Amino acid sequence: MSHAHRKMIWSLGIAQCLSWGILFYAFSVLLPPMTESLPISHSSISFMATLSALIAAAVSVPIGRRLDLGGHLRIMMGGSLLGVIGCGIWSWSTSALGLYTAAVFIGMAQAASLYEPVFAFLLHAFPEEKERSSAMMQVTLIGGLASTIFLPLTTYLTEILGWQGAIRILALLLLIPVAIYKFWVKTPGTAETHSVVPTPHRQISLNLAFLSGTTRKIFLMMVLVFLINGIVHTTMTTHLPSALQSWGFGALEASWAVGIMGASQLLGRLGLGSYLRLLKNGSLLIAPLIIISLGLGLLPYCQHDALRWLLLVIIGSSSGLLTLLRPTVVSRLFDRQIFGRINGVLALSYQLARAGGPVGGSWVYEASRGYDAVFLVLAIMLFIAAFVSSYLGKSQ
């Protein structure tokens with residue numbers, strides 16, 4: 001890997017950290033002050049996050065098709081610009097219409113500038129799996145710091161500037177990814193791919209418009225696995241702070257525990273290379289899915305807080321590994337020419353899960369009058385996903 005490629009990887013990681021922090025994590029900090037100052041209900045403001053997820057889902061597949069034609073960095077640059085526009089509209093909004101208009105731009109920005117496009121780009125920039133896995137690990141390690149940096153930063157900016165002033169500063173920071181992508185677009189020999197040579201030895205090569213037989217079955221099983229994982233992940237992260245408090249954690253302790261689980265994802269990403277060397281063939285998804293399933297199932301029944309902390313670290317590490325295994329599995333099963341379209345469908349399933357998963361968790365909570373049943377259902381769902389993923393391993 002050349003020095004220029006290393007610089008590019010680190011700069012892409014910084015761009016992802018900024019994009020995730022501003023387009024995804026900042027909303028949770030801004031929601032309370034928005035609710036206090038705007039003449040709009042809490043649920044109406046909260047729908048802004050749901051709407052952005054639905055918009056991201058709606059455009060994921062078209063963006064995936066466009067990514068297969070090349071121009072990855074230009075697409076991410078355009079996505080970041082849409083995010084700047086969305087944050088600008090958001091910062092001046094005083095009505096639900098304004099917030100929802102901002103959410104449309106932010107949803108398109110999420111689909112065009114977060115992990116899916118950068119994974120597609122890295123797949124083309126690094127054809128060899130070893131180099132590609134290292135590049136993905138480094139980008140997501142830096143990107144994984146988004147919540148650690150932007151939750152306290154957004155809180156600080158809100159305290160001194162108010163929520164509208166904080167968003168305007170974040171909008172300006174989002175220009176940094178625009179500049180990064182623009183720089184690498186103009187740098188010869190490091191970036192854009194506009195045509196792809198078919199990858200040899202792929203067992204599955206398809207046109208998504210003509211899915212049939214074994215190919216259709218494998219593709220639909222893969223979508224099901226990642227849809228279930230998306231539902232579980234979003235439901236878990238939404239309800240975990242309240243669940244921990246119901247199991248005896250204080251509010252501050254629960255927030256620290258969730259933060260530790262998020263930081264633990266970096267451990268799983270660091271272990272990607274070793275994991276791939278260990279499992280050169282077979283299903284890559286079974287182990288992390290089963291580990292997370294067991295962790296979620298045990299969480300409600302732990303008698304000691306220390307054991308819960310340990311389980312959260314294990315769950316976080318396995319979740320971090322799963323983030324990088326998705327593009328790895330897709331690259332092993334499908335030719336690079338259609339990676340964008342395949343990943344676009346998977347992104348669609350994730351965004352739908354993000355929009356609906358937490359609501360389903362609330363229904364289970366209300367029906368069972370507690371969080372024990374919520375986490376037990378999530379554990380069972382992931383066990384089913386692990387079983388289904390075993391069939392994917394036979395095709396790799």
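Treat the numbers as computed from the prediction; the structure is a model and nothing was measured.
The hydrophobic cluster around Leu294 extends to Ile286, Ile290, counting ILVMFWY residues whose side-chain heavy atoms fall within less than 4.5 Å of a member. Through ILVMFWY side-chain contacts below 4.5 Å, Trp92 is grouped with nothing and stands alone. Alongside Leu97, the hydrophobic cluster contains no other residue (criterion: ILVMFWY side chains under 4.5 Å).
Legend: residues meeting ring-ring contact (aromatic ring centres under 6.0 Å, His included) with His239, ordered by chain and number and at least two apart, are Tyr371. By the side chain to side chain contact (heavy atoms under 4.5 Å, CB included) test, Ile180 is found to be paired with Ser11, Ile14, Ala15, Ile176, Trp184, residues two or more places apart in sequence or in another chain being considered. When the side chain to side chain contact (heavy atoms under 4.5 Å, CB included) test is applied to Lys182, the partners found at least two apart in sequence or on another chain are Met77, Lys186. Remark: Tyr25 engages no residue in a ring-ring contact (aromatic ring centres under 6.0 Å, His included) (not counting sequence neighbours). Evaluation of the ring-ring contact (aromatic ring centres under 6.0 Å, His included) rule for Phe375 yields Trp247 as partners, not counting sequence neighbours. For Phe383, there are no ring-ring contact (aromatic ring centres under 6.0 Å, His included) partners two or more places apart in sequence or in a different chain.
Donor-acceptor pairing under 3.5 Å is recorded for the side chains of Gln138 and Ser134.
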Q: Begin with the C-alpha distance, continue with both residues' side-chain angles, and end with the deciding distance and a verdict on ring pair (Phe, Tyr, Trp, His ring centres under 6.0 Å) for Phe47 and Tyr100.
A: CA-CA 8 Å; Phe47 183 71; Tyr100 297 160; 5.5 Å; yes
(Q) Determine whether Trp20 and Phe150 satisfy the following criterion, ring pair (Phe, Tyr, Trp, His ring centres under 6.0 Å), listing intermediate values before the conclusion. (A) CA-CA 9 Å; Trp20 276 98; Phe150 278 90; over 10 Å; no
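Applying the ring-ring contact (aromatic ring centres under 6.0 Å, His included) rule to pairs touching residues 50-70 yields nothing, sequence neighbours excluded. Note on residues 298-323: pairs passing salt bridge (charged side-chain N to carboxylate O under 4.0 Å, His left out), not counting sequence neighbours, are Asp305-Arg308.
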Run the side-chain donor-acceptor check on residues 219-227: report pairs under 3.5 Å with partners two or more places apart or on a different chain.
none

